[in-house]
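All remarks here apply to the structure that follows.
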Amino acid sequence: MEIITAVRGFKDIIPPETDKWRHIEETAYRVFGAFGFREIRVPLLEKTELFCRGIGETTDIVEKEMYTFFDRGEESLTLRPEATASVIRAYLEHTIHAAETVTRLFTIGPMFRRERPQKGRYRQFHQIDAEILGPDDPRTDAELILMLIHFLDKLGLAKLNLEINSLGCAKCRPAFREAIVSFLGGRVEELCGDCQRRLGTNPLRVFDCKVDKCGEIISRAPRLMDFICQDCRDHFEKVQGCLSLFEVPYRLNAKMVRGLDYYTRTTFEVTTEFLGAQNAVVGGGRYDHLVRDLGGPDIPGIGFAIGFERLASLIPDRDQDVSRGPLLFIAALGEKAGERAFMLCNRLRMKGIHVEMDYAGRSLKSQMKRADRLKCAYALILGEREIEENSALLRNMHESAQEEVCLDDLEEIIKKLAR
RNA sequence: GUGGGUGUAGCUCAAAUGGUCAGAGUGCCGGGUUGUGGCCCCGGAGGCUGAGGGUUCAAGUCCCUUCACUCACCCCA
């Protein structure tokens, strides 16, 4: 019979990879906590409408990447393709905004997008998501980015590129968009096929095109910075000023356009050269009217999403040789000793000490080999002779030295070693 | 969704133009004389060569289908 495999694009995270994942998560908890973030856990399944309104009807995500189905033919539900919409839904549903003026939330979990799998791109992937709801002060933007950079730093990832941009606001962006459309409209024929399509859907995306001709054309196009209103300009400058205070290296990227409709003003990305085409590790930005668009008060917000798998792939695998094994291996010889060893082994485990033993009744040599393979610091040899004398041999595996110990004192001795 | 590449033991890989080609290293298990790991030596288990069809006297080796992985496009985390 054939085994059943995981669904295409869905991955198991198995040891020792899970160790790395927990390390990342713990780092996030610690760092985010210090910046005032609290964890929120939201459902993986939401009404489809939430994402249509939140992310934007014309985005690729909504148009063709969502796992959507009808629940018993009644209601259209969707596995979340991103977390922000859900977080805001919960924020509104629990009227958190009424209880406080600044809300900092983060969540870690799986997202689902039905794309063609590729390195760094899976159908179920994970994100670390952080959102600040309430303030629109540029220092908020800066603190969020600072926290992000600090977090990456804590994970030993200093050599990533931070790029920032401002997309303007509802007041100034439409004019810019219009200018771009009319500029490109006059050169439709020169654009590549993709860009001709983008012109209708998301004209700003043309800035991102990798085709040489398009790049050449777009380099002469109107620039957002010339259209941006004074408020947005001030905001953006303050964000940059704050980043400079901390000497955070960043690059202005006027061509950076984000894929979700809701972004306003500050947007940012963290990229790396080590991931091939999927080079974005983090994406984020301000969304000043998303809360309103989802039916709530007009509360501004800003957030980011870290691609967990992409982040993890940048962190070298922790060397298994360096990670330490069990403290103790109990090698038992004979039935009586085996019974005694079983008791001892599990009692010590209940004290929180990692102890291993073998039930197969193998030779001492074989058990010692096992202790060595497992990288145990100590081995306890418990044979017929020792049982008779109420003793055991405690062997230090690193120093290859052993001593006889009294069985009655054993637990105490081991507990001391555990410290 | 589009285009290219790959798919042989747990892992990394070999098998000229189809004909003992089903292998090596590593890992795993055991042994090298009485109850002691690491190095060394010896032995063993483990693959219907991703799956399903087809061509052929004969197929990992050719053809088709399918699945998976992979790279790029699209897009994004």
Side-chain angles (χ1 to χ4, degrees), chain A residues 1-11 14 55 59-65 81-84 108-129 192-195 197-198 201-202 205 208-211 256-260 268-272 275-285 303-314 320-321 325 329 331-334 337 358 360 362-387 392-402:
Chain A
M1 201 156 72
E2 267 181 50
I3 61 163
I4 297 169
T5 58
V7 175
R8 181 170 165 80
F10 288 61
K11 290 278 169 296
I14 62 176
I55 301 169
T59 58
D60 275 30
I61 293 176
V62 172
E63 276 185 347
K64 50 193 190 197
E65 294 173 3
E82 60 119 38
T84 304
I108 303 176
M111 309 296 156
F112 306 85
R113 291 183 200 172
R114 211 192 127 77
E115 298 177 89
R116 181 82 166 260
Q118 186 176 328
K119 192 180 194 77
R121 195 172 77 183
Y122 311 101
R123 290 182 171 187
Q124 174 178 323
F125 61 101
H126 297 71
Q127 289 187 336
I128 302 174
D129 201 85
C192 71
D194 282 327
C195 284
R197 179 177 53 76
R198 286 173 178 130
T201 55
N202 191 347
R205 276 239 153 264
D208 251 359
C209 189
K210 287 156 192 146
V211 177
M256 188 180 68
V257 184
R258 313 247 45 255
L260 285 57
F268 53 95
E269 254 176 36
V270 175
T271 59
T272 172
L275 283 173
Q278 312 303 319
N279 66 345
V281 182
V282 185
F304 64 68
I306 303 173
F308 207 117
E309 284 83 353
R310 292 182 185 180
L311 178 68
S313 73
L314 296 176
Q320 282 312 98
D321 298 340
F329 187 94
L333 294 165
D358 185 90
R362 294 182 216 274
S363 68
L364 178 59
K365 175 181 184 141
S366 166
Q367 295 189 66
M368 291 302 287
K369 215 175 230 175
R370 178 127 217 89
D372 186 58
R373 297 267 159 76
L374 292 172
K375 301 192 193 316
C376 296
Y378 295 88
L380 188 76
I381 297 159
L382 201 55
E384 311 279 0
R385 290 208 294 265
E386 286 76 15
I387 292 288
L393 293 170
L394 182 62
R395 182 177 180 83
N396 182 318
M397 297 296 279
H398 303 309
E399 294 169 14
S400 300
Q402 61 192 37

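Quick note on labels: first sequence line is chain A, next is B, and so on, each numbered from 1. Because the structure is a prediction, the values reported are computed rather than measured.
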How many Å lie between [atom1] on [X] and [atom2] on [N], as a whole number?
X: A:Lys119; N: B:U70; atom1: NZ; atom2: C1'; value: 9 Å
X: A:Phe10; N: B:C69; atom1: CZ; atom2: P; value: 11 Å
X: A:Glu82; N: B:C75; atom1: CD; atom2: C1'; value: 15 Å
X: A:Asp60; N: B:C74; atom1: CG; atom2: P; value: 11 Å
X: A:Tyr122; N: B:A77; atom1: OH; atom2: C1'; value: 11 Å
X: A:Phe268; N: B:A77; atom1: CZ; atom2: C1'; value: 12 Å

Using the [atom1] atom in both, what is the distance from [N] to [M], to the nearest Å?
N: B:U2; M: B:C63; atom1: P; value: 22 Å
N: B:G52; M: B:G5; atom1: P; value: 24 Å
N: B:C39; M: B:C29; atom1: P; value: 13 Å
N: B:A45; M: B:U36; atom1: C1'; value: 26 Å
N: B:G23; M: B:C69; atom1: C1'; value: 24 Å
N: B:A68; M: B:G25; atom1: C1'; value: 26 Å
N: B:U55; M: B:C62; atom1: C1'; value: 8 Å
N: B:G10; M: B:C28; atom1: P; value: 15 Å

Shortest non-hydrogen contact from [X] to [Y]?
X: A:Pro81; Y: A:Ile55; result: CG-CD1, 3.7 Å
X: A:Gln367; Y: A:Arg362; result: NE2-O, 3.1 Å
X: A:Leu364; Y: A:Ala331; result: CD1-CB, 3.9 Å
X: A:Met111; Y: A:Ala83; result: CE-CB, 3.4 Å
X: A:Phe329; Y: A:Cys376; result: CB-SG, 3.6 Å
X: A:Phe112; Y: A:Phe125; result: N-CE2, 4.3 Å

Report the residues that fulfil side chain to side chain donor-acceptor pair (under 3.5 Å) with [X], sequence neighbours left out, ordered by chain and then residue number.
X: A:Ser313; answer: none
X: A:Gln402; answer: A:Arg395
X: A:Glu386; answer: none

As an exercise, state the distance from [atom1] of [X] to [atom2] of [Y], rounded to the nearest 0.5 Å.
X: A:Arg310; Y: A:Thr272; atom1: CZ; atom2: OG1; value: 11.0 Å
X: A:Asp129; Y: A:Ile108; atom1: CG; atom2: CD1; value: 10.0 Å
X: A:Met397; Y: A:Lys375; atom1: CE; atom2: NZ; value: 10.5 Å

Please evaluate the base of B:A77 for a donor-acceptor partner in the side chain of A:Arg113 within a cut-off of under 3.5 Å?
yes

Indicate, yes or no, whether a donor-acceptor pair under 3.5 Å links the base of B:C71 to the side chain of A:Arg121.
no

May I have the step-by-step check of side chain to side chain contact (heavy atoms under 4.5 Å, CB included) for A:Met368 and A:Ile381, ending in yes or no?
CA-CA 9 Å; A:Met368 291 302 287; A:Ile381 297 159; 4.3 Å; yes

Hey, which of these two, A:Phe125 or A:Ala6, hits RNA chain B nearer its 5' end, going by closest nucleotide?
A:Ala6

Which residue lies more 5' along RNA chain B, comparing A:Gly9 with A:Glu309 via nearest heavy atoms
A:Gly9

Show each protein N/O and nucleotides 2-6 of chain B N/O combination with a separation under 3.5 Å, one pair to a line.
unit_1	atom_1	unit_2	atom_2	d
B:U2	O4	A:Arg116	NH1	2.5
B:G3	O6	A:Arg116	NH2	3.2

Base, sugar-phosphate, or nothing for A:Gln118, non-hydrogen atoms under 4.0 angstrom?
base

Could you check whether A:Ala371 gets within reach of a base, just the sugar-phosphate, or nothing at all, counting any heavy atom under 4.0 Å?
nothing

With syn defined as a glycosidic angle within 90° of 0 and anti as everything else, classify B:G60.
syn

Taking O4'-C1'-N9-C4 for purines and O4'-C1'-N1-C2 for pyrimidines, is B:A16 syn (within 90° of 0) or anti?
syn

Output the pairing pattern of RNA chain B as a dot-bracket string, 5' first, Watson-Crick or G-U wobble with both distances under 3.5 Å, | for cross-strand pairs, [ ] for crossing pairs.
(((((((..((((.....[...)))).(((((.......))))).....(((((..]....))))))))))))....

For nucleotides 28-37 of chain B, just jot down a letter per nucleotide in 5' to 3' order: B, S or -, based on protein non-hydrogen atoms under 4.0 Å.
SSSSB--BBB

Would you say A:Lys11 reaches B:C69's phosphate, i.e. side-chain N/O to OP1/OP2 under 4.0 Å?
yes

